[in-house]
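Step one of this worksheet: look at the structure below.
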Amino acid sequence: MRLSRYFLPVLKENPAEAQIASHRYMLRAGMIKQQAAGIYSWLPMGFRVLRRIEEIVHQEQVRAGHIPLLMPTLQPADLWRESGRYDDYGEEMLRITDRHKRDMLYGPTNEEMITDIFRAHVGSYKDLPLTLYHIQWKFRDEIRPRFGVMRGREFLMKDGYNFDLTKEDALHAYNRHMVSYLRTYERMGLTAIPMRAASGPIGGDNTHEFLVLAQTGESEVFYDDRVMALKLGARDIDYDDKDQVANVCEEFTTLYARTDETHDAGAFETVPEAHRKVGRGIEVGQIFYFGTKYSEPMGATVVTADGARVPVHMGSHGIGVSRLLGAIIEANHDDKGIIWPEGVTPFPVGIVNLKQGDAATDAACAEIYAALRARGLEALYDDRDERAGAKFASMDLIGLPWRITVGPRGLASGKVELTSRRSGESEEMSAADAVERISSIYQGI
RNA sequence: CGGAGCGUAGCGCAGCCUGGUAGCGCACCUGCUUCGGGAGCAGGGGGUCGGAGGUUCGAAUCCUCUCGCUCCGACCA
């Protein structure tokens with residue numbers, strides 16, 4: 001993409017309303033525009049990252065054997081009357097009346113609707129296990145939205161629902177979600193720690209929240225800092241292997257890690273003092289097992305092998321997709337701007353043309369751009385007629401992990417400069433080598 | 001919802017206290033110079049001062065109401 005033809009309204013000054021780094025940088029880097037309290041338009045740069053995150057979530061869900069579908073944002077109130085949550089949910093639920101005076105609502109979550117779909121089409125134990133998920137906009141009418149997309153009223157969320165014959169199978173689904181979530185966050189360059197959590201309005205006994213440590217997080221967290229070293233890495237996981245999946249979960253949940261809601265001061269004392277940490281975290285996902293809480297009142301049952309009709313065991317599992325942008329930036333920025341991890345960056349690399357209009361630099365940039373494209377990498381090419389300083393500042397702000405700088409000075413000796421946004425280190429090399437290097441960095445991402 | 005504040009050009013702000021016909025920086029447009037870390041000079045365009053009512057000869061400024069937004073608290077993926 002040529003920057004001169006793109007739509008990237010960067011701001012030089014800090015918007016007054018943004019209090020935290022991620023919000024500030026998302027506004028300044030032209031990623032979002034607020035339209036009302038807690039409601040945002042996603043401008044092209046922000047939209048690219050949002051789509052990228054969505055894509056990773058989808059890939060990891062499918063890898064775990066889960067099946068995508070799409071449910072609507074608007075739901076009939078009657079479904080929620082069946083589960084009893086129409087009255088329980090309170091002011092946070094946005095209620096709407098249509099022209100026929102029918103009660104509707106903008107979905108804050110989809111347990112009722114997915115259960116409705118299930119009961120309409122599934123009747124036999126032979127159809128289980130089944131896990132369906134979607135990535136859809138939700139609305140929760142927060143009393144006080146804040147921190148940009150971290151705490152918006154409208155937000156994009158992946159929510160998945162498992163249906164199993166037995167509690168044991170449902171707990172395997174729970175574990176499977178935990179492992180797939182760990183992998184999802186790792187691919188985004190995040191360390192998200194599963195912490196025992198409280199269940200809230202979804203209900204259920206088993207639940208973990210995934211927290212990304214950040215000073216600006218909204219939850220207070222207590223943890224053994226050795227959890228930070230745990231990584232899934234490249235290990236091969238068979239999501240159907242109950243023992244393997246359970247073992248991974250055990251590995252990641254044995255060390256002490258809890259939010260203030262479930263904190264146990266006594267147990268925390270047993271953590272060696274050197275590893276005992278108190279901090280703050282951003283919640284980027286949560287998994288629940290809640291048994292028959294919805295299947296029973298809503299009649300989601302299957303017939304078993306011996307002819308009995310039983311309610312299915314369910315769980316629900318969410319990832320805050322739009323919130324993740326905020327969390328990733330909170331964990332990856334400096335005083336100049338964002339530093340995108342390679343897994344989610346809007347563009348893999350930026351090309352800075354230091355002398356727009358100079359035949360040699362223009363040609364070198366075009367060549368690099370084309371060579372990257374031939375390798376399936378779309379660079380953001382700053383071909384604006386701007387001074388070097390302005391181009392560097394923009395690149396630093398929007399945070400592409402790599403920058404190829406092309407100027408007459410370097411070209412004189414056949415070199416361009418490859419710079420890491422994260423380390424700030426630069427290296428001179430030929431254009432072909434720079435393309436090769438970028439290409440190998442993104443191999444497999 | 002309780003407490004605190006703010007709405008003046010695309011963004012950041014001054015002006016309001018003490019009414020007199022709107023200003024600064026950035027951005028934008030034109031020209032010249034400059035050109036490896038947010039350039040300089042000169043010229044230029046852009047604002048029903050959130051909205052409605054009121055007081056007054058006169059309101060961005062004073063009064064009343066209203067809408068929106070932000071911050072602290074309780075609530076949350």
Side-chain angles (χ1 to χ4, degrees), chain A residues 9-20 23-24 27-28 30 33-39 57 89-93 107-110 135-160 181 192 197-202 207-212 217-219 259 261 281-288 316-327 336-337 352-358 361 382 384-397 403 405-412 415-417 419 424 426 428:
Chain A
V10 301
L11 304 174
K12 215 160 162 178
E13 288 173 280
N14 281 323
E17 73 270 20
Q19 302 297 311
I20 62 171
H23 190 192
R24 228 170 24 237
L27 290 167
R28 284 196 51 201
K33 175 180 186 324
Q34 178 166 317
Q35 304 291 175
I39 299 177
V57 171
Y89 221 95
E91 297 281 329
E92 227 182 66
M93 181 149 75
T109 178
N110 287 65
I135 297 179
Q136 176 63 292
W137 292 94
K138 307 282 188 291
F139 195 92
R140 291 183 194 171
D141 200 358
E142 299 283 346
I143 300 166
R144 185 153 94 83
R146 65 186 113 170
F147 303 149
V149 300
M150 293 254 281
R151 184 69 186 283
R153 289 194 293 172
E154 187 183 47
F155 56 97
L156 189 62
M157 179 178 170
K158 171 262 158 182
D159 46 324
Y181 278 25
S199 66
I202 312 276
T207 176
H208 279 85
E209 287 179 343
F210 291 78
L211 280 292
V212 172
E218 293 189 90
S219 321
T259 65
E261 293 171 321
I282 301 163
E283 193 189 326
V284 293
Q286 187 161 8
I287 54 178
F288 301 89
S316 72
H317 318 275
I319 292 180
V321 173
S322 48
R323 171 179 283 188
L324 270 168
L325 271 91
K336 289 187 286 193
V352 170
N353 184 337
L354 289 178
K355 193 163 186 181
Q356 198 63 41
D358 176 273
T361 53
D382 191 347
R384 295 172 305 165
D385 189 16
E386 288 284 346
R387 299 165 62 85
K391 292 190 175 190
F392 290 144
S394 294
M395 278 294 171
D396 288 344
L397 174 63
R403 184 182 84 205
T405 309
V406 183
R409 211 166 70 192
L411 283 182
K415 305 283 190 192
V416 299
E417 193 178 74
T419 307
S426 291
E428 295 219 316

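Residue numbering restarts at 1 for every chain, and letters A, B, ... go by the order of the sequence lines.
Nucleotide B:rA74 forms a pair with no other nucleotide shown, judged by Watson-Crick or G-U wobble geometry with both contacts under 3.5 Å. For B:rU21, there is no paired base (Watson-Crick or G-U wobble, both distances below 3.5 Å). Base pairing of B:rU55: no nucleotide in any strand meets the Watson-Crick or G-U wobble criterion (both distances under 3.5 Å). Within the shown strands, B:rC6 is the pairing partner of B:rG68 under the Watson-Crick or G-U definition, both distances less than 3.5 Å. Using the Watson-Crick or G-U wobble rule with both distances under 3.5 Å, B:rC41 pairs with B:rG31. Pairing of B:rG47, defined by two Watson-Crick or G-U wobble distances under 3.5 Å, is not identified with any nucleotide. Pair assignment for B:rC16 gives none, since no Watson-Crick or G-U wobble pairing has each distance under 3.5 Å.
If you check every strand for non-hydrogen atoms under 4.0 Å, A:E92 touches sugar and phosphate atoms only. Counting any heavy atom pair closer than 4.0 Å across all strands shown, A:D159 reaches no nucleic acid atom.
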If a protein heavy atom is under 4.0 Å from the base, mark B; if only from the sugar-phosphate, S; if neither, -; do that for nucleotides 66-72 of chain B going 5' to 3'. ---SSBB
Reading nucleotides 24-40 of chain B 5' to 3', which nucleotides get B (base under 4.0 Å from a protein heavy atom), which S (sugar-phosphate only), which -? -BSS------BSBBBB-
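With both ends at atom C1', the span from B:rU61 to B:rU55 equals 13 Å, rounded to whole Å. Comparing the P positions of B:rA14 and B:rU33 gives a spacing of 39 Å, expressed to the nearest Å. Only the C1' atoms considered, B:rU56 is 10 Å distant from B:rC62, to the nearest whole Å. Distance noted for atom P between B:rG15 and B:rC1: 32 Å (whole Å). A gap of 31 Å separates the P atoms of B:rU48 and B:rA39, to the nearest Å. B:rG12 and B:rG7 have their P atoms separated by 11 Å, with the value rounded to a whole Å. Spacing between B:rU21 and B:rG40 at atom C1', rounded to whole Å, works out to 35 Å. The same atom, P, is picked in B:rG10 and in B:rG3; the two are 34 Å apart, to the nearest Å.
We find the NZ-CZ distance between A:K355 and A:R409 to be 12.0 Å, quoted to the nearest 0.5 Å.
Judged purely by atom type and a 3.5 angstrom limit, A:R323 uses its side chain to pair as donor or acceptor with the backbone of A:M150. Within the 3.5 Å criterion, the main-chain N or O of A:I287 finds a donor-acceptor partner in the side chain of A:T207.
With rounding to whole Å, A:E142 atom CD is found 7 Å from B:rC75 atom C1'. Between the CG atom of A:N14 and the C1' atom of B:rG10 there is a distance of 16 Å, given to the nearest Å. At whole-Å resolution of the value, CE in A:M93 and C1' in B:rC76 are 15 Å apart. Between A:E218 atom CD and B:rC76 atom P the separation is 11 Å, expressed in whole Å.
Across A:T405, A:D382, A:L354, a single residue satisfies side chain to side chain contact (heavy atoms under 4.5 Å, CB included) together with A:K391, and that is A:D382.
Of all heavy-atom pairs between A:G281 and A:L211, the closest is C-CD1, 3.6 Å. When all heavy atoms of A:R384 and A:S394 are compared, the closest pair comes out as NH2-OG, 3.5 Å.
For A:E92, there are no side chain to side chain donor-acceptor pair (under 3.5 Å) partners at least two apart in sequence or on another chain. For A:F155, there are no ring-ring contact (aromatic ring centres under 6.0 Å, His included) partners, not counting sequence neighbours. The ring-ring contact (aromatic ring centres under 6.0 Å, His included) test applied to A:H23 returns no partner, not counting sequence neighbours.
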Donor-acceptor pairs are to be reported for all side-chain atoms of residues 11-19 of chain A against protein atoms at under 3.5 Å, with residues two or more places apart or in another chain.
none

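In this pair, A:Y181 and A:F210 present their aromatic rings tilted. The plane angle is within the 30 to 60° band.
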